[in-house]
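So that the names make sense, note that chain A is the first sequence line, chain B the second, and so on, each numbered from 1. Since this is a predicted model, take the numbers as computed values, not measurements.
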Amino acid sequence: DAGVIQSPRHEVTEMGQEVTLRCKPISGHDYLFWYRQTMMRGLELLIYFNNNVPIDDSGMPEDRFSAKMPNASFSTLKIQPSEPRDSAVYFCASNSGPNQPQHFGDGTRLSIL
Amino acid sequence: AQSVTQLGSHVSVSEGALVLLRCNYSSSVPPYLFWYVQYPNQGLQLLLKYTSAATLVKGINGFEAEFKKSETSFHLTKPSAHMSDAAEYFCAVSDLRSGYSTLTFGKGTMLLVSP
């Protein structure tokens, strides 16, 4: 079975540019989560969706960050404009419901110069 | 609010030695608990899950964890470490505030295995 698929795996861009990260959850999973991982702050939940609807975006750091889930098989996390402090590994995860294990993608390593 | 504490950001063992990674949680209700492993440049992978069916939970790669309600602990163990076990390990608890939809993660413990 295909797991959670994220693209790109690596992204290097200059400050001020728009960045779009993509995620395809596991088929049949109703919940999708976006995380950010850094050495300083560890793993942070940014936003999560249930049935394509954003439920809690309180973890989104600033208005520069936005996330969408136009259908059950695709989600994007966008940063506009990007800043060097946004450099991190961004993970997408999905599961089938409360108390179920989350399945993680391999992440996107983002570097903002 | 629920929280997870992992004692020790780094744990070093020799190959063949016992592995013990500590996790304590705070929760006002019986929790669902998880251990994940993260290898370099990869996402988190589920090792095992506690769902109240049994206090001793067996996971993949020879790992197991024991739920102790009196100690609010869910420590991860493996009788004999292998070089391939070197990775970062995360303990997590389902978060009551989100109706158990989200996980609260500990800060992780890096396991180092020496020959």
Would you check if the distance from the ring center of A:Phe91 to the ring center of A:Tyr35 is below 6.0 Å?
no
Under 4.5 Å heavy-atom distance to chain A, tell me which part of B:Ser98 shows up: side chain, backbone, both or neither.
both
Check ion pair A:Glu62-A:Arg85 (N to O, under 4.0 angstrom):
yes
Taking A:Asn95, A:Val4, A:Leu43 one by one, which has the highest count of heavy-atom pairs under 4.5 Å against chain B?
A:Leu43
Would you say the rings of B:Phe90 and B:Tyr36 are close, in the sense that their centroids are separated by under 6.0 Å?
no
What part of A:Gln37 gets closer than 4.5 Å to chain B, counting heavy atoms only: side chain, backbone, both or neither?
side chain
I'd like to know if the side chain of B:Lys78 reaches the main chain of B:Asn61, judged simply by a donor and an acceptor atom lying under 3.5 Å from each other, with no hydrogens or angles considered.
yes
So what's closer than 4.5 Å to chain A heavy atoms on B:Asp95: side chain, backbone, both or neither?
neither
Between B:Phe63 and B:Tyr89, is the gap from one ring center to the other below 6.0 Å?
yes
Is there a side-chain contact between B:Leu103 and A:Phe33, using heavy atoms and a 4.5 Å cut-off?
no
For A:Asp56, is it the side chain, the backbone, both or neither that has a heavy atom under 4.5 Å from a heavy atom of chain B?
neither
Turns out that what part of B:Thr51 lies under 4.5 Å from chain A's heavy atoms comes down to neither
Between B:Gln45, B:Lys107, B:Gln38, the one whose heavy-atom pairs under 4.5 Å with chain A are most numerous:
B:Gln38
